[in-house]
Amino acid sequence: SYEFGEDLLKYGLLQRKSYENSFSLCLPPVNKEYIIYFIRGFFEGDGYFTYHTKTSLLAGICGKNINLLKEIQTYVALQCNVGQSPAPRL
């Protein structure tokens with residue numbers, strides 16, 4: 001419904017986020033306890049795992065907005081006490 005769409009926009013959902021609004025994306029302004037659910041959903045849509053070496057696994061997320069990806073990377077690194085790799089430029 002129209003009201004539902006207006007509520008989504010009020011909470012920061014953007015139309016055409018993959019194209020025109022991709023550089024406006026950032027971690028949503030919600031309670032810290034819910035950020036992990038946003039990241040999990042983002043990862044489920046655009047994430048991957050691959051072997052980095054025979055003994056280590058690399059997790060990554062593909063996306064157009066480097067600022068959002070860096071925010072996610074920093075949050076996960078701090079929460080999980082893991083290192084950060086520089087994002088490859090394609």
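Nothing here was measured: the structure is a model prediction, and the numbers come from that model.
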Which residues share a side chain to side chain donor-acceptor pair (under 3.5 Å) with Glu6, sequence neighbours left out: Tyr2
Tyr51: side chain to side chain donor-acceptor pair (under 3.5 Å) partners, not counting sequence neighbours: none
Crowding at OH, Tyr37 (>12 non-hydrogen neighbours, <6.0 Å): no
Not counting sequence neighbours, which residues clear side-chain contact (heavy atoms from CB on, under 4.5 Å) with [X]? List them please.
| X | answer |
| --- | --- |
| Thr50 | Tyr48, Leu58 |
| Asn81 | none |
| Ile61 | Phe42, Phe43, Asp46, Leu69, Ile72 |

CD1 on Ile35 to CZ on Arg40, rounded to 0.5 Å: 13.5 Å
Spacing of CD belonging to Gln79 relative to OG1 belonging to Thr74, to within rounding of 0.5 Å: 11.5 Å
same_hphob_cluster(Tyr34, Ile39) at 4.5 Å side-chain heavy-atom cutoff: yes
